[in-house]
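Everything below concerns the one structure shown next.
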Amino acid sequence: LTVRGLIAEGADFAAESRISAANAVVLMARDLTQADSLVEVTGTGSRIALTTTADARLGGRIEANESIEVQAGRDVSLEAAMTAGNRIEISGGQAGNGSVAGNVFADLRTTAVGSDIHITAGEFGGDINLNGSLVTVADGIRLSTPLGSVRHTGGLLVGELLTIRAFSGAIVRTDIARVDAVVSARGDISIDNVGAIELVDVTAADGLISVVAGGDVVATKVVSQGTGTGTGTGIVIRTRLVGATANLSFDTVSAAGFGDVTLDASGAITQRGGPLKADQITVKVNGGLTLAIDGNAFSLETRGSGDVAISSVGTGNLLLDVVNILDGDLTVTALGTVELGQVTIATESSSDGSDDNVITIDTTGSVGAGDILVRFAGFRDYVETSNGSLARQIARLDNGNVVFDQNGAVVFDLVAVASLISDGDIVLRAKGRVTESSVDDDVDLIADSLTIRAASGVVGLEVTVN
């Protein structure tokens with residue numbers, strides 16, 4: 001069945017054909033093609049039902065006061081502007097296998113309060129590909145691919161709640177208030193949201209979860225289960241708001257196996273639930289931070305003033321890999337051994353000049369050896385230049401404000417120094433011993449005042465202290 005306008009002699013385009021009814025339009029065929037035409041029903045409670053045993057190719061305009069239903073035995077191709085009051089439901093693969101695909105001409109809308117759009121691919125195979133399509137609802141969008149993937153690049157999904165149930169991955173570009181997305185097999189989840197968003201339940205069985213938002217993020221539950229053998233698992237959550245700050249708060253963020261977690265907020269990060277769990281944890285935040293973690297390695301960058309307190313609740317070893325704090329104290333308590341990789345506080349004294357900044361590492365509550373292993377910890381960022389002289393990195397200021405580069409990292413200037421000195425203090429309290437992590441002649445600790453308490457000895461440290 002083809003619904004198409006005719007091209008008059010000498011015309012370049014077909015005239016619009018029209019099917020109009022007061023209450024319902026029901027079209028049933030093996031294959032259905034609609035192009036350059038309008039199918040409409042105008043009465044209260046009116047509906048449109050388009051059913052095929054094979055393919056449905058829909059263009060033109062389709063408008064109903066109540067609902068639009070499309071069911072295809074195989075594939076659905078969308079180039080139509082579809083508008084309904086309460087519900088649009090599009091199902092491909094009713095015979096078992098079939099996909100739903102839309103391009104830049106596809107524009108699906110529902111207008112009533114509480115209205116929904118549901119799109120489903122075949123039970124035994126099929127994907128949803130809405131590349132460039134616009135989907136707008138007052139309430140919820142649901143995308144389901146029992147044995148396929150969801151892909152939406154370009155265009156926009158707009159609504160209150162987005163629900164995704166996919167087998168092998170989901171990529172979406174959204175303007176959504178809340179999202180509930182589950183991928184049940186190996187595949188990534190990627191969400192690029194225009195504004196603030198709540199991650200109600202975002203779960204990947206074996207893949208990377210990436211969320212970027214142009215506003216505040218509330219991560220109620222974000223889990224990368226890491227059930228497969230692949231290494232491309234983990235979680236990345238970023239707030240992106242040009243010229244302002246966007247905060248990130250979370251209850252459950254967890255990556256199993258070798259999965260890593262990165263939290264990057266242009267504002268504050270607030271932990272509302274259990275510990276942040278991952279193999280390697282990386283945090284970037286605009287100020288101070290209080291965090292409970294359960295991981296093997298931890299890296300941190302603070303872009304504003306504020307103290308940092310880290311509680312490691314895992315019983316294994318913790319590597320403080322690269323920790324750069326702009327201005328504030330660092331306090332780390334751990335239930336296992338802690339290794340200081342590269343731990344630096346850029347300013348030796350608090351910004352108001354009231355006291356010296358302090359690095360405190362405490363393993364006295366460890367359930368294991370509770371050693372403290374040291375590669376480097378100190379204040380400012382001392383580096384060796386190309387000619388072998390010493391310099392230190394000082395954050396660049398513009399009218400008293402710290403300067404950041406285009407990626408949000410602090411810009412540092414190199415200032416030559418004749419010797420390694422510091423006004424900041426370091427306190428190390430170990431259940432076991434305090435020692436350098438590898439034997440070398442490089443300085444391990446730079447401080448004004450260095451205090452060490454160790455039950456099993458202090459061995460092999462090179463220090464420069466007052």
Side-chain angles (χ1 to χ4, degrees), residues 237-239 245 247-250 253 261-278 280-314 318-336 338-365 372 374-381 393 395 402 404 408-410 412 422-429 445-449 451:
I237 303 175
R238 289 190 173 93
T239 65
T245 58
N247 302 320
L248 192 163
S249 60
F250 68 94
V253 175
V261 167
T262 296
L263 303 182
D264 186 349
S266 61
I269 294 178
T270 303
Q271 186 172 39
R272 309 189 311 181
L276 183 61
K277 295 183 180 181
Q280 298 185 46
I281 298 169
T282 300
V283 177
K284 299 180 180 181
V285 62
N286 188 35
L289 179 69
T290 299
L291 199 63
I293 64 172
D294 184 356
N296 298 316
F298 178 73
S299 293
L300 171 67
E301 177 185 335
T302 67
R303 306 185 185 105
S305 298
D307 295 337
V308 173
I310 304 298
S311 173
S312 177
V313 300
L318 173 67
L319 169 63
L320 299 179
D321 192 8
V322 179
V323 176
N324 292 317
I325 295 173
L326 182 63
D327 178 21
D329 295 340
L330 169 65
T331 302
V332 178
T333 59
L335 297 181
V338 175
E339 180 176 359
L340 309 183
Q342 186 75 23
V343 178
T344 304
I345 298 181
T347 53
E348 298 164 327
S349 300
S350 58
S351 57
D352 61 7
S354 59
D355 53 33
D356 293 340
N357 286 326
V358 182
I359 296 172
T360 302
I361 312 296
D362 191 335
T363 64
T364 55
I372 297 176
V374 182
R375 296 186 204 170
F376 177 81
F379 297 83
R380 302 195 183 274
D381 199 353
Q393 293 189 128
V402 176
F404 300 96
V410 177
F412 292 95
S422 176
D423 291 328
D425 302 331
I426 295 178
V427 178
L428 305 179
R429 301 190 187 99
L445 298 170
I446 302 173
D448 175 26
S449 170
T451 302

> Do you know which of Ile426, Val427, Leu340 makes side chain to side chain contact (heavy atoms under 4.5 Å, CB included) with Ile361?
Replying inline: Leu340
>> Could you tell me if the side chain of Leu289 sits less than 4.5 Å from the side chain of Thr302, heavy atoms only?
In response: no
> Taking all atoms of both residues into account, what is the closest heavy-atom pair of Leu445 and Leu428, and its distance?
Replying inline: CD1-CD1, 4.0 Å
>> Restricting to non-hydrogen atoms, name the atom on Ser305 and the atom on Asp327 that form the minimum distance, rounded to 0.1 Å.
In response: OG-OD2, 3.1 Å
> Is any side-chain heavy atom of Thr360 less than 4.5 Å from a side-chain heavy atom of Arg429?
Replying inline: yes
> Which atoms form the tightest heavy-atom contact between Gln271 and Leu276, and what is the distance?
Replying inline: NE2-N, 3.5 Å
>> Test side chain to side chain contact (heavy atoms under 4.5 Å, CB included) on Ile310 and Ile293; report intermediate values, then the result.
In response: CA-CA 7 Å; Ile310 304 298; Ile293 64 172; 3.8 Å; yes
> Could you state the interatomic distance from OG1 (Thr364) to CG (Leu335), rounded to the nearest 0.5 Å?
Replying inline: 10.0 Å
>> Does any part of the side chain of Asp321, heavy atoms only, come nearer than 4.5 Å to the side chain of Ser299, both counted from C-beta?
In response: yes
> Between CG of Leu318 and CD of Glu339, what distance do you get to the nearest 0.5 Å?
Replying inline: 9.5 Å
> Should Leu291 and Phe298 count as side-chain neighbours, where that means a heavy-atom distance under 4.5 Å?
Replying inline: yes
> Checking Asn247 side chain against Ala268 main chain: does a donor-acceptor pair fall under 3.5 Å?
Replying inline: yes
> Please walk me through it: do Glu301 and Val322 pass side chain to side chain contact (heavy atoms under 4.5 Å, CB included)?
Replying inline: CA-CA 8 Å; Glu301 177 185 335; Val322 179; over 6 Å; no
> Tell me, do Phe376 and Val343 make a side-chain contact under 4.5 Å, heavy atoms counted?
Replying inline: no
>> Give me the atom names and distance for the closest heavy-atom approach of Ser449 to Asp425.
In response: N-OD1, 3.2 Å
> Asp264: what forms a salt bridge (charged side-chain N to carboxylate O under 4.0 Å, His left out) with it, not counting sequence neighbours?
Replying inline: Arg238, Arg303
>> side chain to side chain contact (heavy atoms under 4.5 Å, CB included) for Phe379 and Thr347? Distances and angles first, verdict last.
In response: CA-CA 6 Å; Phe379 297 83; Thr347 53; over 6 Å; no
> Looking at Leu248 and Ala265, what are the two nearest heavy atoms and their distance?
Replying inline: CB-CB, 4.1 Å
> Quick one: side-chain contact (heavy atoms from CB on, under 4.5 Å) partners of Asp307, sequence neighbours excluded?
Replying inline: Asp329
>> Let's go through Phe250 and Arg272 carefully: what are the C-alpha distance in whole Å and the side-chain angles of both, what is the deciding distance for side chain to side chain contact (heavy atoms under 4.5 Å, CB included) to 0.1 Å, and is it a yes or a no?
In response: CA-CA 6 Å; Phe250 68 94; Arg272 309 189 311 181; over 6 Å; no
> Can you tell me how far OG1 of Thr331 sits from CG of Asp362, rounded to the nearest 0.5 angstrom?
Replying inline: 9.5 Å
